[in-house]
Structures are given as C-alpha cells and as structure tokens.
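Reading through the structure tokens given below for one structure.
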Amino acid sequence: MISRLPLRALTLGALLLSSAVPALAAPCGTGSFESWLEDFKKEAAAKGISAPAIQAGLSGVTLDKSVLARDQSQKVFTQSFEEFSGRMVPPRLTRGSNMLKQYGSVLGRIEQAYGVSGEVLVAIWGLETDFGVNIGKFSTLRALATLAYDCRRTELFKAELMDALRIVERGDIAPADLRGAWAGEIGQTQFMPSSYIKFAVDFDGNGRRDLLRSPPDVLASTANFLANHGWQRGKEWEPGSANFAAIKEWNKSEVYAKTIAAFATQLSRAP
C-alpha cells in the first residue's frame, strides 16, 4: 500500500483542496476534539444512524496526530508512466497471473454479471494492496474523525465518517476490524466508505459485504464500481478506448490509470 499512497493521495488531495468549508452543526477545529465528537454523534443520530452503531463506532475515538501529519505533508507525484509502471507491474505480474487462474471461476461469474474483464480487476487488486496483503493499519473511524475535525476538508470527511458508521450499522464490518489507509480507504481495493455504501456487493452469499476478507466480494464490488462508471462490456481498456474513462473514474491520475491498463494487458497475454 505504501507504494500506492502518493497517487491516491494526489487524486484525493486534488478533490479535497478544492472543497469549501460551509457552516457546520459541529464546528471544526474549535474547542476540544472530544466536544466536537459529541456534537458529531448528535448529528449522526439526527441523520438516522442508530444509537448502537454510533456507540460502537465512536466510543473512545481519539484524535490521531499521525493522520494529520500525513495529510499535511502530501507531495506532488512526479513519476512518469514509464517509471511508475516499470516499478509497479513487473514484481506483481507472476502473482497476478496466478490470481487470475485461482479465481478464474469467480471472475468469470463477475464478468457475466457486470461485464468487467478479470484482468482489469486483478490489476487493480494488485496495484492497490498487493492482492490484499497491504490493506492498511489505521483505524478507519479514528482517521476519518480526525480529518473531519480538521478544518481543511471537514464536510467531505464528515460525510465519509457517516458512511463508515453505516457500514458498521448494517453489519458488514465490526468497528475493531474497520482498518485501512490513513485517509479512510478500506479493503483490498481501497474503497472510501461512500463508495463502499454505494457499490459493495455480497458476491459470496454470506450476507455481508466484506471487502476486507472476501476476494469474491472485493472483485465483484470493484466491477460494480466500474460498471456504474461507464464500463462497456466486451470493449477494450487501453488509453483512448471506450473503457479507459471508466478506469480513470477509479483513479483520476493518468499515470495510475495507464498503469492499470498496461498491467491488465500484460495479464491477458500471460501464459
């Protein structure tokens, strides 16, 4: 995940830095974090989130200064496509090919359901978290609460924190297990909570949308995201093609999107 974060941070940062901060029910950055959190709990209840979910998700949550430090020290990504893809793809190609075979049946069913090619899903999976190995160790609820309290992009992260509580409320992931990247991304392909709520699916049929532990749920949810962002069944995914725009909806960085496409193409040609 460390190798992925600068690009994700760049994409996220471009959105965040452009966000205005309107008047809030729970004013950011004024008073103690604890007071702010109490106000946020009331706001969450007013939005219909249950008391048990609020209690389970936010009880004992404290400010994480390491999250603020990472957020405030984001650097502009300067690697070229050749540099980035050359560093990221070759070490993952053999395992990616093995994953394509191991989950061939699942990926076939996913392509039938959503139209998204397995090679693209495996490429995203590998680039985001090394196929689920590096999903992140930050408490998602704590990280999001910290970023919501900070006044730089309060409204965005308050909304993400609300959706993280909704994930807890519907029973997908227990609060203690809700861990990921410092900016709130969750799971083996790094969904923000809002995308988790919109696009996560229970593809393994166990009654939960588990993007931490279930590869079928992870891969199908990623396909669902792409299908809802313009993916066209049976079309190419190379830059300039019908589906490259859908890949750019996954990550707006041209370098990252081109690396996904290149990785997927190499997987499609692997023996």
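Not measured: the values here are computed from a predicted model.
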Indicate yes or no for a side-chain donor-acceptor contact from [X] to the backbone of [Y] under 3.5 Å, with no hydrogens or angles considered.
X	Y	answer
Asn228	Asn224	yes
Thr259	Val255	yes
Glu249	Leu226	no
Thr222	Leu121	no
Ser73	Ala69	yes
Thr154	Cys28	no
Gln188	Leu212	yes
Arg233	Gln112	yes
Thr129	Ile135	no
Asp202	Gly205	yes

Can you tell if the side chain of [X] reaches within under 4.5 Å of the side chain of [Y], non-hydrogen atoms only?
X	Y	result
Phe263	Arg92	yes
Ser241	Lys235	no
Ile197	Arg170	yes
Arg152	Gln72	yes
Asp163	Tyr196	no
Val133	Arg95	yes
Lys41	Glu38	yes
Asn243	Glu236	no

What verdict does the side chain to side chain contact (heavy atoms under 4.5 Å, CB included) test give for Phe203 and Val218, after you've listed the backbone C-alpha separation in whole Å, the side-chain angles of each residue and the deciding distance to 0.1 Å? CA-CA 8 Å; Phe203 205 73; Val218 167; over 6 Å; no
Between [X] and [Y], which heavy-atom pair has the shortest distance, and what is it?
X	Y	result
Phe244	Glu238	CB-O, 3.5 Å
Leu58	Leu37	O-CD2, 3.9 Å
Asp204	Asp217	N-OD1, 3.0 Å
Asp172	Arg209	OD1-N, 3.1 Å
Gly48	Glu169	O-OE2, 4.0 Å
Trp182	Val67	O-CG1, 3.7 Å

For residues 143-151, dump all side-chain donor-acceptor pairs below 3.5 Å to protein atoms at least two apart in sequence or in another chain.
{"from": "Thr146", "atom 1": "OG1", "to": "Asp64", "atom 2": "N", "distance (Å)": "2.9"}
{"from": "Thr146", "atom 1": "OG1", "to": "Arg142", "atom 2": "O", "distance (Å)": "2.9"}
{"from": "Tyr149", "atom 1": "OH", "to": "Gly31", "atom 2": "O", "distance (Å)": "2.7"}

Rounded to the nearest 0.5 Å, what separation is found between the [atom1] atom of [X] and the [atom2] atom of [Y]?
X	Y	atom1	atom2	value
Leu219	Met99	CG	CE	9.5 Å
Leu127	Ser85	CG	OG	9.5 Å
Arg208	Ile167	CZ	CD1	12.5 Å
Ser268	Glu119	OG	CD	5.5 Å
Thr62	Glu34	OG1	CD	8.0 Å
Phe157	Leu161	CZ	CG	10.5 Å

Kindly determine whether Leu107 and Gln102 satisfy side chain to side chain contact (heavy atoms under 4.5 Å, CB included), including the steps that lead there. CA-CA 9 Å; Leu107 290 165; Gln102 181 177 343; over 6 Å; no
Do you see a donor-acceptor pair shorter than 3.5 Å between the side chains of [X] and [Y]?
X	Y	result
Ser32	Ser35	yes
Thr265	Trp237	yes
Glu128	Tyr256	yes

Inter- and intrachain pairs under ring pair (Phe, Tyr, Trp, His ring centres under 6.0 Å), touching residues 109-130, at least two apart: Tyr103-Trp125, Trp125-Phe131
Charged N to carboxylate O under 4.0 angstrom, Asp177 versus Arg213? yes
Pairing of Glu43 and Lys158 as salt bridge, 4.0 angstrom limit: yes
May I ask you to check whether over 12 heavy atoms, not counting those of Glu83, lie within 6.0 Å of atom CD? yes
Report the C-alpha distance between Arg153 and Asp71 in whole Å, list the side-chain angles of each, state the deciding distance to 0.1 Å, and finish with yes or no for side chain to side chain contact (heavy atoms under 4.5 Å, CB included). CA-CA 11 Å; Arg153 283 92 50 186; Asp71 183 40; 2.4 Å; yes
Might you work through the side chain to side chain contact (heavy atoms under 4.5 Å, CB included) test for Val201 and Phe199, ending with a clear yes or no? CA-CA 6 Å; Val201 296; Phe199 304 115; over 6 Å; no
